[in-house]
Trainee: 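Quick one: the structure is below, and I'll ask about it shortly.
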Amino acid sequence: MTIQSLLASQLQTFFTQEFQKDIQSFEFQQTRKEFVGDITLVVFPLLRHIKTNPAVLAEKIGEYLTSNVKEIEGFNVIKGFLNLELSSAYLSDVLNKIVENPEFGKLPSNGKRLMVEFSSPNTNKPLHLGHIRNITLGYSVSKIMAFAGYEVFKTQIINDRGIHICKSMLAWQKFGNGETPESSGMKGDHLVGKYYVEFDKAYKKEIKSLVDNGLTEKEAKAKASILAQAQQMLKAWENGDEEVVSLWKTMNSWVYDGFEKTYQTLGVDFDKNYYESETYLLGKENIVDGLERGIFYKKEDGSVWIDLSDEGLDEKIVLRADGTAVYMTQDIGTAIKRVDDYNIDNMIYTVGNEQDYHFKVLFLILKKLGYDWAENLFHLSYGMVDLPTGKMKSREGTVVDADDLMEDMTKTAQQISEEHGKLDGYDEELKQKLYKTIGSGALKYFILKVDPKKRIVFNPKESVDFQGNTGPFIQYTYARIQSILRQYQWPEHQNESAYRPEEKERELLKILDQFPSVIEQSANLYSPALVANYTYELVKSFNSFYQNISILSADTEDQKYFRVKLSMATSQVIKTAFGLLGINVPDRM
RNA sequence: ACAUUUAUGGUGUAAUGGAUAGCACAAGAGUCUUCUAAACUCUAAGUUCAGGUUCAAAUCCUGAUAGAUGUACCA
């Protein structure tokens with residue numbers, strides 16, 4: 001039970017007794033630094049129920065709480081704000097709650113099953129910076145939801161079929177000379193991506209020569225033989241042509257191996273993969289079924305549509321004239337299959353905001369098809385990651401590759417570490433691991449600390465900061481605490497009730513106390529940014545404490561004990577919080 | 001054209017309708033014979049514009065301006 005809910009229930013009693021009013025909600029906030037007190041009740045909203053002078057009412061409430069709630073030991077009133085002071089006993093007890101429970105902040109199970117989709121790559125090219133935002137965000141949300149009481153299943157939908165795949169395959173056949181990841185030493189996804197680019201080059205070259213021979217650009221595009229061959233290949237694939245399917249399987253497996261390595265570097269994993277090639281048929285069945293029930297309608301050319309103009313949206317195609325599936329068809333099938341497979345109550349789709357419209361339509365269609373769980377689908381929409389020069393485009397080679405970026409981050413971490421020179425005598429293998437922890441921590445935190453809705457402009461030249469509000473800043477604080485813990489000898493017995501925390505200590509305790517409610521909020525809003533910013537605030541407060549007050553050479557044993565314990569609790573919460581962001585913390589740095 | 005979304009110091013960001021808008025980077029001034037200075041302490045600088053609602057607006061409403069995205073038989 002948080003202090004706020006405890007106070008709320010006391011206040012309810014107070015208002016029933018004193019004014020015969022049943023008031024449900026109360027507005028609390030942290031007391032601002034310039035005033036005395038820890039938690040503040042805003043009295044203004046209560047004036048709607050009770051017509052009186054706010055200061056007088058605040059005074060009354062303050063007296064009641066101070067004498068009836070042992071956690072409150074004092075108060076003051078400034079205008080309509082009632083500032084309450086928490087008792088030292090309550091604050092000290094926060095420490096015990098944390099230290100005794102390694103999972104402090106975790107909310108009890110709510111019995112709900114939730115699937116979180118993220119990453120969702122195409123199998124024709126490697127992952128890039130955009131995927132990193134997606135993966136970091138989706139993975140973190142899945143961790144937060146699990147910590148907030150859901151049973152979570154992490155998944156990705158792999159877009160493993162379509163013309164784009166055939167382009168890579170065709171180019172490999174034409175120009176590859178049998179090159180494999182083994183023969184070239186290239187990571188599988190990069191190898192396949194290379195041929196995707198090769199295709200585009202050959203295609204452009206062919207168009208250019210056609211245009212040079214007097215065709216218009218449009219005619220040239222229609223006539224280009226290499227594209228026609230790719231389309232041919234797609235048809236062959238759909239007809240189950242053995243050779244094509246076998247090549248498809250081989251090249252996809254190269255890509256999967258490559259993705260797996262990237263996921264390992266990023267420290268993420270999935271409970272289940274879905275493949276578009278396995279779900280699009282189910283989608284089609286549902287379209288046919290919905291057509292019979294009059295939810296969809298057929299146009300003269302045979303294509304199937306849904307009319308959503310009553311809902312303020314447009315008409316949307318759900319099946320092509322030639323009967324093949326579109327993106328929507330497949331997503332309908334995938335959603336239904338997932339609910340069948342896992343009996344889930346909720347689902348989160350981590351997908352960029354360019355698809356806001358798509359998901360609006362998807363959820364509406366599922367609802368119209370009569371699936372009541374459609375109400376519980378959520379599109380976790382996030383802003384694009386752009387370069388200073390504009391949008392990233394794979395075909396034009398302007399992408400920031402995920403593997404390259406991770407490597408760069410690790411290198412930067414190494415360089416900065418060496419400048420600091422604090423790791424002398426540390427094992428080389430551990431050092432390498434540490435650089436990865438710091439590098440990826442910097443990148444992930446950089447992404448997660450901002451509101452998902454916001455667009456990120458990423459400048460590869462300026463790279464990611466390691467100072468200020470950053471991942472390494474927080475990791476550094478954690479490492480310093482570990483150093484203290486290594487140096488402290490815990491006493492056998494300790495009488496701890498007597499200690500009264502000082503100002504900096506109280507600050508820290510109050511922030512620690514908020515952790516469970518931060519979890520709750522961030523789960524409600526699907527926002528890792530709240531966890532990130534909370535952690536930052538906690539660390540700021542700790543650093544101020546650390547820098548201004550001596551821990552290991554405190555005046556008394558009691559004080560020393562209390563301060564070490566406070567440090568330990570802080571580091572524990574940092575570790576938990578960073579775990580929810582998918583970031584590791586180091587013992588040294 | 002319509003829809004969605006964003007707009008906070010020089011830059012990047014924070015703020016369940018609540019007190020004097022918080023923080024970092026960059027700038028300036030300090031702090032290592034004491035637990036790791038990737039830190040700490042201090043200074044300077046900000047809510048796009050015009051109306052409205054409210055005891056109270058960065059936050060809600062209307063309009064304008066600027067950017068991003070979407071409204072494809074692409075995924």
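Chain identifiers are assigned alphabetically (A, B, ...) following the order of the sequence lines, protein sequences preceding nucleic acid strands; residue numbering begins at 1 within each chain. Values below: every heavy atom of this structure, side chains too, minus hydrogens, waters and symmetry copies.
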Trainee: Picking from B:rA15, B:rA75, B:rU4, which would you name as closest to the side chain of A:Lys360?
Mentor: B:rU4
Trainee: How many Å lie between NZ on A:Lys316 and C1' on B:rA3, as a whole number?
Mentor: 13 Å
Trainee: Look at A:His164 and B:rA75 and indicate whether a side-chain polar atom (N or O) is within less than 4.0 Å of OP1 or OP2.
Mentor: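 No, no such contact exists.
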Trainee: Do the side-chain N or O atoms of A:Lys453 get closer than 4.0 angstrom to the phosphate oxygens (OP1, OP2) of B:rU4?
Mentor: no
Trainee: Using the P atoms only, state how far B:rC42 lies from B:rA24, rounded to an integer number of Å.
Mentor: 10 Å
Trainee: Give the minimum heavy-atom separation between A:Tyr203 and A:Ala224, together with the two atoms involved.
Mentor: CE1-CB, 3.7 Å
Trainee: If you check every side-chain atom of A:Tyr357, which of B:rC35, B:rG70, B:rG18 has the closest atom?
Mentor: B:rG70
Trainee: When the C1' atoms of B:rC23 and B:rA15 are considered, how many whole Å apart are they?
Mentor: 11 Å
Trainee: Using a 90° cut-off around 0 for syn, call B:rC25 syn or anti.
Mentor: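 Anti, which is what one calls it when the glycosidic angle falls more than 90° from 0.
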Trainee: B:rU71, B:rC35, B:rU41: which one has an atom nearest the side-chain heavy atoms of A:Asp314?
Mentor: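 Of the candidates, B:rU71 comes closest.
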Trainee: Taking all non-hydrogen atoms of both residues into account, name the closest pair between A:Lys449 and A:Ala532 and its distance.
Mentor: CA-CB, 3.9 Å
Trainee: Taking only the P atom of each, what is the distance from B:rU13 to B:rA72 in whole angstrom?
Mentor: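 Roughly 32 Å separates the two P atoms.
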Trainee: A:Arg32 side chain: which of B:rA19, B:rU36, B:rA75 is closest?
Mentor: B:rA19
Trainee: Looking only at side-chain atoms of A:Phe473, point me to the closest of B:rU20, B:rG18, B:rA39.
Mentor: B:rA39
Trainee: Angle between ring planes, A:Phe446 versus A:Phe458, binned at 30° and 60°: parallel, tilted or perpendicular?
Mentor: perpendicular
Trainee: Which whole number of Å gives the distance between the P atom of B:rA26 and that of B:rA38?
Mentor: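 Pairwise P distance, B:rA26 against B:rA38, rounds to 14 Å.
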Trainee: Quick check on B:rC74: is either OP1 or OP2 less than 4.0 Å from any side-chain nitrogen or oxygen of A:Arg320?
Mentor: yes
Trainee: If the P atom of B:rA44 is compared with that of B:rC49, how far apart are they to the nearest Å?
Mentor: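 Approximately 23 Å lies between the P atom of B:rA44 and that of B:rC49.
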Trainee: For A:Arg48 and B:rU54, what is the distance between atoms CZ and P respectively, to the nearest whole Å?
Mentor: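 The answer, rounded to whole Å, is 14 Å.
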Trainee: Would you say B:rA14 has OP1 or OP2 under 4.0 Å from some side-chain N or O of A:Lys454?
Mentor: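 True: A:Lys454 side-chain N/O within range (under 4.0 Å) of B:rA14 OP1/OP2.
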Trainee: Please name the pair of heavy atoms, one in A:Ile438 and one in A:Met589, separated by the smallest distance, quoted to 0.1 Å.
Mentor: CD1-CE, 3.9 Å
Trainee: If stacking means aromatic ring centre less than 5.5 angstrom from the base's six-membered ring centre, planes under 30°, is A:Phe81 stacked on B:rA19?
Mentor: yes
Trainee: Take A:Phe378 and A:Phe363, measure what ring-ring contact (aromatic ring centres under 6.0 Å, His included) needs, and give me the verdict at the end.
Mentor: CA-CA 9 Å; A:Phe378 179 73; A:Phe363 297 165; 8.4 Å; no
Trainee: Determine whether any donor atom in the side chain of A:Thr477 lies under 3.5 Å from an acceptor atom in the base of B:rA38, or the reverse, and answer yes or no.
Mentor: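 Such a pair does not exist between side chain and base.
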Trainee: Given B:rA38, B:rA14, B:rG18, identify the nucleotide with an atom nearest to the side chain of A:Ile438.
Mentor: B:rA38
Trainee: When the P atoms of B:rA58 and B:rG22 are compared, how many Å lie between them, rounded to an integer?
Mentor: 13 Å
Trainee: Ignoring the backbone of A:Ile416, work out which of B:rA19, B:rA39, B:rA38 is nearest its side chain.
Mentor: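 Side chain of A:Ile416 sits closest to B:rA38.
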Trainee: Rounding to the closest angstrom, what is the interatomic distance between B:rC40 and B:rA3 at atom P?
Mentor: 47 Å
Trainee: Would you tell me if any nitrogen or oxygen in the side chain of A:Gln487 comes within less than 4.0 Å of OP1 or OP2 on B:rU36?
Mentor: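 Affirmative; the distance criterion is met.
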Trainee: Does B:rA68 have its OP1 or OP2 closer than 4.0 Å to a side-chain nitrogen or oxygen of A:Arg455?
Mentor: no
Trainee: Compare the aromatic ring of A:Phe44 with the six-membered base ring of B:rA56 and state whether they stack according to the 5.5 Å and 30° rule.
Mentor: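 Stacking is absent between B:rA56 and A:Phe44, given that the ring centres and planes do not meet under 5.5 Å and under 30°.
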Trainee: Does a nitrogen or oxygen in the side chain of A:Ser567 sit under 4.0 Å from OP1 or OP2 of B:rC35?
Mentor: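 No.
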Trainee: Quick one: on RNA chain B, does A:Glu354 or A:Glu276 contact a more 5' nucleotide (nearest heavy atom)?
Mentor: A:Glu354
Trainee: Closer to the 5' end of RNA chain B via nearest nucleotide, is it A:Ala325 or A:Asn353?
Mentor: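 Going by which nucleotide is closer to the 5' end, it is A:Asn353.
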Trainee: It should be established whether A:Lys540 places a side-chain nitrogen or oxygen under 4.0 Å from OP1 or OP2 of nucleotide B:rC40.
Mentor: yes
Trainee: Go through B:rU16, B:rU41, B:rA37 for me and flag the one nearest to the A:Gln547 side chain.
Mentor: B:rA37
Trainee: Suppose you measure atom C1' in B:rA75 against the same atom in B:rA50; what distance do you get, rounded to whole Å?
Mentor: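 That atom pair is separated by 43 Å.
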Trainee: Do NZ/NE/NH1/NH2 and the carboxylate oxygens of A:Arg563 and A:Glu502 come within less than 4.0 Å?
Mentor: yes
Trainee: Any base atoms under 4.0 Å from A:Ser381, or only sugar-phosphate, or nothing? Heavy atoms, all strands.
Mentor: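 A:Ser381: no heavy atom of the nucleic acid under 4.0 Å.
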Trainee: Can we call the ring centroids of A:Tyr536 and A:Phe473 under 6.0 Å apart?
Mentor: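 Distance test on ring centres: under 6.0 Å, yes.
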Trainee: Quick one: label A:Glu27 by what it contacts on the DNA or RNA (base, sugar-phosphate, nothing), any heavy atom closer than 4.0 Å.
Mentor: base
Trainee: With the threshold set at 4.0 Å, does a side-chain nitrogen-carboxylate oxygen contact exist between A:Glu557 and A:Lys560?
Mentor: yes
Trainee: Of the nucleotides B:rU36, B:rC25, B:rA15, which one has an atom closest to the side chain of A:Ala479?
Mentor: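 Shortest atom-to-atom distance from the side chain points to B:rU36.
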Trainee: So if I take every side-chain heavy atom of A:Ser483 and compare against B:rU36, B:rC23, B:rG18, which nucleotide ends up nearest?
Mentor: B:rU36
